[in-house]
Amino acid sequence: MRIKGALFDFSGTLFRIESVTSWLRAALDHRGTPMEQADLDRYTRRLTAAGALPGGPSPERVPSELAPVWAARDSSARHHREAYTGLARGVGLPDPGLCDALYDRHMEPAAWEPYPDAAEVLRGLRDNGTAIGVVSNIGWDLRPVFRAHGLDELIDVYVLSFEHGVQKPDPRLFRTACALLRHDPSDVVMVGDDRRADGGAVAVGCGVRFVDHLPVSERPDGLRALGLVGLTG
């Protein structure tokens with residue numbers, strides 16, 4: 001297919017969140033809470049199993065009392081915070097204030113790192129006249145992350161689930177994004193790492209391409225390998 005527009009997922013596609021250890025350590029430093037290395041390792045394991053880091057490992061089990069808000073977590077800022085701080089509280093952290101500190105930390109630009117080829121691919125598309133959008137299931141404004149890493153100038157539109165009250169794979173998000181790009185969905189490709197959520201773009205007629213949700217160091221050219229720049233025209 002030839003494309004006139006490209007939509008990208010955020011977490012696991014263009015950016016990757018920091019490790020659970022780094023996340024916990026940053027929140028501890030912010031709170032001024034001391035923690036021995038053995039305890040740091042233990043709580044890192046618990047937070048990982050709980051899936052309390054947004055953009056990190058999925059929960060091994062979602063407590064029944066959190067199931068409703070978890071299912072709707074990306075539809076509003078309130079649900080998103082409630083879901084993830086709820087998972088963190090289940091870990092039994094020694095400082096109750098850490099739950100909110102952890103949540104706040106994951107929204108900081110420093111907690112995110114772009115994939116090595118993200119800027120190259122986005123700029124290549126932009127230089128070829130391709131309209132670019134970000135479509136993300138998220139509960140907070142990620143625009144500051146793009147600005148801090150110098151990628152905001154390459155994005156034409158952001159369509160964020162919490163701002164629209166619906167989550168991928170709901171076709172309304174993709175339809176809205178294509179309308180904002182002013183291109184028919186058949187001329188737009190969606191790039192993501194989640195075959196269910198991002199694959200929802202097929203329902204409106206978009207092409208879909210997938211990358212693996214891997215650590216930054218393990219995926220140096222996943223976006224480049226899709227050959228998107230060569231499909232523009």
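Keep in mind it's a predicted model, so treat the numbers as computed, not measured.
- Note on Arg143 versus Asp152: no salt bridge recorded, every NZ/NE/NH1/NH2 to OD/OE distance being 4.0 Å or above.
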(request) Could you walk me through whether Val135 and Asp9 pass the side-chain contact (heavy atoms from CB on, under 4.5 Å) test, one step at a time? (result) CA-CA 5 Å; Val135 182; Asp9 173 52; over 6 Å; no
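- Atom CG in Leu53 sits 8.5 Å away from atom OG in Ser19 (nearest 0.5 Å).
- A search for salt bridge (charged side-chain N to carboxylate O under 4.0 Å, His left out) contacts involving Asp184 returns nothing, not counting sequence neighbours.
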(request) Please report the C-alpha distance between Val134 and Leu7 in whole Å, then the side-chain angles of each, then the deciding distance to 0.1 Å, and finally whether the side-chain contact (heavy atoms from CB on, under 4.5 Å) criterion is met. (result) CA-CA 5 Å; Val134 170; Leu7 302 173; over 6 Å; no
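- Side-chain atoms of Gln167 come within 3.5 Å of backbone atoms of Ser75 as a donor-acceptor pair (strictly under, hydrogens ignored).
- Smallest separation of non-hydrogen atoms from Val188 and Ala6: CG1-N, 4.3 Å.
- A donor-acceptor pair under 3.5 Å is absent between the side-chain atoms of Asp198 and the main chain of Val208, judged by distance alone.
- Asn137 places a side-chain N or O within donor-acceptor distance of the main-chain N or O of Lys168, the cut-off being under 3.5 Å.
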(request) Determine, stepwise, if the pair Thr85 / Arg89 fulfils side chain to side chain donor-acceptor pair (under 3.5 Å). (result) CA-CA 6 Å; Thr85 55; Arg89 287 190 182 90; 3.2 Å; yes
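- Every ring pair (Phe, Tyr, Trp, His ring centres under 6.0 Å) that Tyr84 has, sequence neighbours left out, goes to Trp70, His80.
- A ring-centre distance under 6.0 Å is found for His149 and Phe15.
- The shortest heavy-atom contact between Ala131 and Asp156 is CA-OD2, 3.4 Å.
- Here Leu151 contributes atom CG and Arg123 contributes atom CZ; the two are 8.5 Å apart, rounded to the nearest 0.5 Å.
- Between the Tyr158 side chain and the Asp141 main chain, no donor and acceptor come within less than 3.5 Å of each other.
- Applying the side chain to side chain contact (heavy atoms under 4.5 Å, CB included) test between Leu98 and each of Arg105, Arg31, His30 identifies Arg31 as the sole match.
- With hydrogens and angles ignored, the 3.5 Å screen pairs a side-chain donor or acceptor of Thr44 with a backbone N or O of Leu40.
- Ion pairing of Arg81 with Asp104 is present here, as a side-chain N (NZ or NE/NH1/NH2) and a carboxylate O approach within less than 4.0 Å.
- Tyr103 approaches Ala77 most closely through the heavy-atom pair OH-O, 4.5 Å.
- Using a cutoff of 4.0 Å between basic side-chain nitrogens and carboxylate oxygens, Arg196 and Asp194 are not scored as salt-bridged.
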(request) Test side chain to side chain donor-acceptor pair (under 3.5 Å) on His106 and Trp140 and set out the steps. (result) CA-CA 10 Å; His106 103 275; Trp140 49 277; 2.8 Å; yes
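- Sparse packing is recorded around CD of Glu36, with 12 or fewer heavy atoms of other residues, nucleotides or ligands lying under 6.0 Å away.
- The main-chain N or O of Leu102 is found under 3.5 Å from a side-chain atom of Trp23 such that the two form a donor-acceptor pair.
- By the 6.0 Å contact criterion, CZ on Arg182 is open, its count of non-hydrogen atoms from other residues, nucleotides or ligands being 12 or less.
- Taking 4.5 Å as the limit, some side-chain heavy atom of Ser136 sits within range of a side-chain heavy atom of Leu142.
- Salt bridge Asp212/Arg219: absent, no basic N to carboxylate O contact under 4.0 Å.
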(message) Using the rule given for side-chain contact (heavy atoms from CB on, under 4.5 Å), can you reason through Lys4 versus His183, listing the C-alpha separation, both sets of side-chain angles and the distance that settles it, and then say yes or no?
(response) CA-CA 7 Å; Lys4 297 178 181 178; His183 287 303; 3.6 Å; yes
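- Across Pro57 and Val20, no two heavy atoms sit closer than the pair CD-CG2, 4.2 Å.
- Annotation for Gly86 and Leu66: closest pair C-CD1, 3.6 Å, computed over non-hydrogen atoms.
- Remark: Arg172 CZ is loosely packed, at most 12 non-hydrogen atoms of other residues, nucleotides or ligands lying under 6.0 Å away.
- The pair Arg126-Glu153 fails the salt-bridge criterion, with no side-chain N (NZ, NE, NH1 or NH2) lying under 4.0 Å from an Asp/Glu carboxylate O.
- Ala203 and Pro171 get closest at one heavy-atom pair: CB-CB, 4.4 Å.
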